[in-house]
Amino acid sequence: MIYTSVKSGDGWTAYPPAIRRALEYLRDTDVVALEPGDYPILGDRMFAKVFDLTTRPVENTRPEVHRKYIDMQFWPSGSERFGIAPYLGGGRVVEAREAADTWFLESVPDESFVLARPGCVAVFFPWDAHKPKAANGEPAPIKKV
């Protein structure tokens with residue numbers, strides 16, 4: 001996992017070009033003004049999905065993994081707690097959405113939680129199990145890309 005901010009100002013020179021390109025898109029686009037939906041960045045190779053969500057109690061969230069895509073998440077408004085743990089394979093899959101490249105797991109061991117605030121960006125690789133949408137206190141609306 002990579003965890004940073006679009007406000008970091010470090011130039012992101014240590015990141016691979018694709019991740020830098022996505023970070024530049026997030027920094028340079030007024031995503032708060034975008035309606036929920038899909039937005040191409042590099043055709044079908046890289047795209048942004050904009051969501052208006054409501055966070056929920058952590059017990060109502062599930063860890064997920066992806067096999068094909070790297071999952072970059074950006075919080076332009078609102079805050080969310082997300083779980084993160086190394087995915088070492090195994091673990092019971094409770095729902096598979098192959099077309100969406102998402103496999104939901106029953107649980108993962110050694111999960112830690114991070115609080116994401118506006119401007120934060122997390123990059124999840126296939127070896128990162130992550131649990132999005134957890135409330136930071138009471139459930140609240142957020143915009144997420």
Side-chain angles (χ1 to χ4, degrees), residues 1-27 29 31-32 34 36-42 44-145:
M1 177 184 81
I2 296 171
Y3 189 63
T4 189
S5 172
V6 295
K7 302 171 187 175
S8 69
D10 65 7
W12 307 308
T13 56
Y15 301 147
I19 291 175
R20 282 197 314 264
R21 176 64 186 100
L23 287 165
E24 290 164 357
Y25 174 86
L26 295 171
R27 180 193 62 207
T29 304
V31 294
V32 173
L34 296 177
D38 296 352
Y39 296 86
I41 299 172
L42 293 173
D44 63 353
R45 294 184 59 218
M46 182 184 297
F47 49 91
K49 288 182 166 288
V50 177
F51 299 94
D52 287 329
L53 305 168
T54 300
T55 59
R56 54 183 97 156
V58 69
E59 61 272 10
N60 295 338
T61 63
R62 301 182 289 187
E64 63 184 59
V65 293
H66 308 284
R67 297 179 181 163
K68 182 178 178 184
Y69 290 105
I70 293 170
D71 184 2
M72 179 180 282
Q73 297 185 14
F74 172 58
W75 294 266
S77 64
S79 65
E80 169 187 292
R81 287 178 54 229
F82 67 85
I84 182 72
Y87 180 61
L88 305 174
R92 190 166 88 80
V93 174
V94 295
E95 183 181 351
R97 296 183 187 169
E98 241 177 286
D101 187 42
T102 305
W103 283 259
F104 294 99
L105 306 171
E106 182 174 57
S107 64
V108 292
D110 302 321
E111 185 175 49
S112 297
F113 283 85
V114 176
L115 176 60
R117 296 184 183 277
C120 291
V121 178
V123 181
F124 302 108
F125 296 93
W127 51 85
D128 297 321
H130 53 286
K131 183 188 286 184
K133 303 178 192 154
N136 180 33
E138 292 295 316
I142 63 169
K143 182 165 278 245
K144 193 166 167 185
V145 182

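No experiment lies behind these values; they were computed from the predicted model shown. Any value given below was found using the heavy atoms of this structure, including those in side chains, with hydrogens, waters and symmetry copies removed.
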So, do [X] and [Y] sit near enough that their side-chain heavy atoms are less than 4.5 Å apart?
{"X": "Pro126", "Y": "Tyr87", "answer": "no"}
{"X": "His66", "Y": "Thr102", "answer": "yes"}
{"X": "Thr4", "Y": "Leu23", "answer": "yes"}
{"X": "Tyr39", "Y": "Val31", "answer": "no"}
{"X": "Thr55", "Y": "Ile142", "answer": "yes"}
{"X": "Phe82", "Y": "Met1", "answer": "yes"}
{"X": "Tyr25", "Y": "Met72", "answer": "no"}
{"X": "Thr29", "Y": "Val145", "answer": "no"}

Euclidean distance, Met46 CE relative to Ile19 CD1, rounded to 0.5 Å:
8.5 Å
Here the gap from Cys120 atom SG to Gln73 atom CD, rounded to the nearest 0.5 Å, amounts to 12.0 Å
Closest approach of [X] to [Y] (non-hydrogen atoms, all atoms of both residues):
{"X": "Pro76", "Y": "Lys144", "result": "CD-CA, 4.1 Å"}
{"X": "Trp12", "Y": "Ser5", "result": "NE1-O, 3.8 Å"}
{"X": "Ser77", "Y": "Pro118", "result": "CA-CG, 4.1 Å"}
{"X": "Lys143", "Y": "Val50", "result": "NZ-CG1, 3.9 Å"}
{"X": "Asp128", "Y": "Val123", "result": "OD2-O, 4.0 Å"}
{"X": "Trp75", "Y": "Ala122", "result": "CZ3-N, 3.7 Å"}

Give a yes or no on whether Arg20 atom CZ has more than 12 heavy-atom contacts from other residues, nucleotides or ligands under 6.0 Å away.
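Yes, because the 6.0 Å sphere around CZ of Arg20 holds more than 12 heavy atoms from other groups.
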Applying salt bridge (Lys or Arg N to Asp or Glu O under 4.0 Å) between Lys49 and each of Asp101, Asp71, Asp38, report the one that passes.
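When Asp101, Asp71, Asp38 are each tested with Lys49, the salt bridge (Lys or Arg N to Asp or Glu O under 4.0 Å) holds only for Asp38.
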Consider side-chain contact (heavy atoms from CB on, under 4.5 Å). Of Arg62, Glu111, Arg81, which one does Lys131 pass it with?
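Among Arg62, Glu111, Arg81, the one meeting side-chain contact (heavy atoms from CB on, under 4.5 Å) with Lys131 is Glu111.
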Take Phe124 and Ile84 through the side-chain contact (heavy atoms from CB on, under 4.5 Å) test and state the conclusion after the steps.
CA-CA 9 Å; Phe124 302 108; Ile84 182 72; 3.7 Å; yes
Go through it in stages, so that I can follow the logic: the residues are Val93 and Leu105, the test is side-chain contact (heavy atoms from CB on, under 4.5 Å), and I'd like the CA-CA distance, side-chain angles, deciding distance and then a yes or no.
CA-CA 4 Å; Val93 174; Leu105 306 171; 3.9 Å; yes
Got a sec, which residues hit salt bridge (charged side-chain N to carboxylate O under 4.0 Å, His left out) with Asp110, two or more places apart in sequence or on another chain?
none
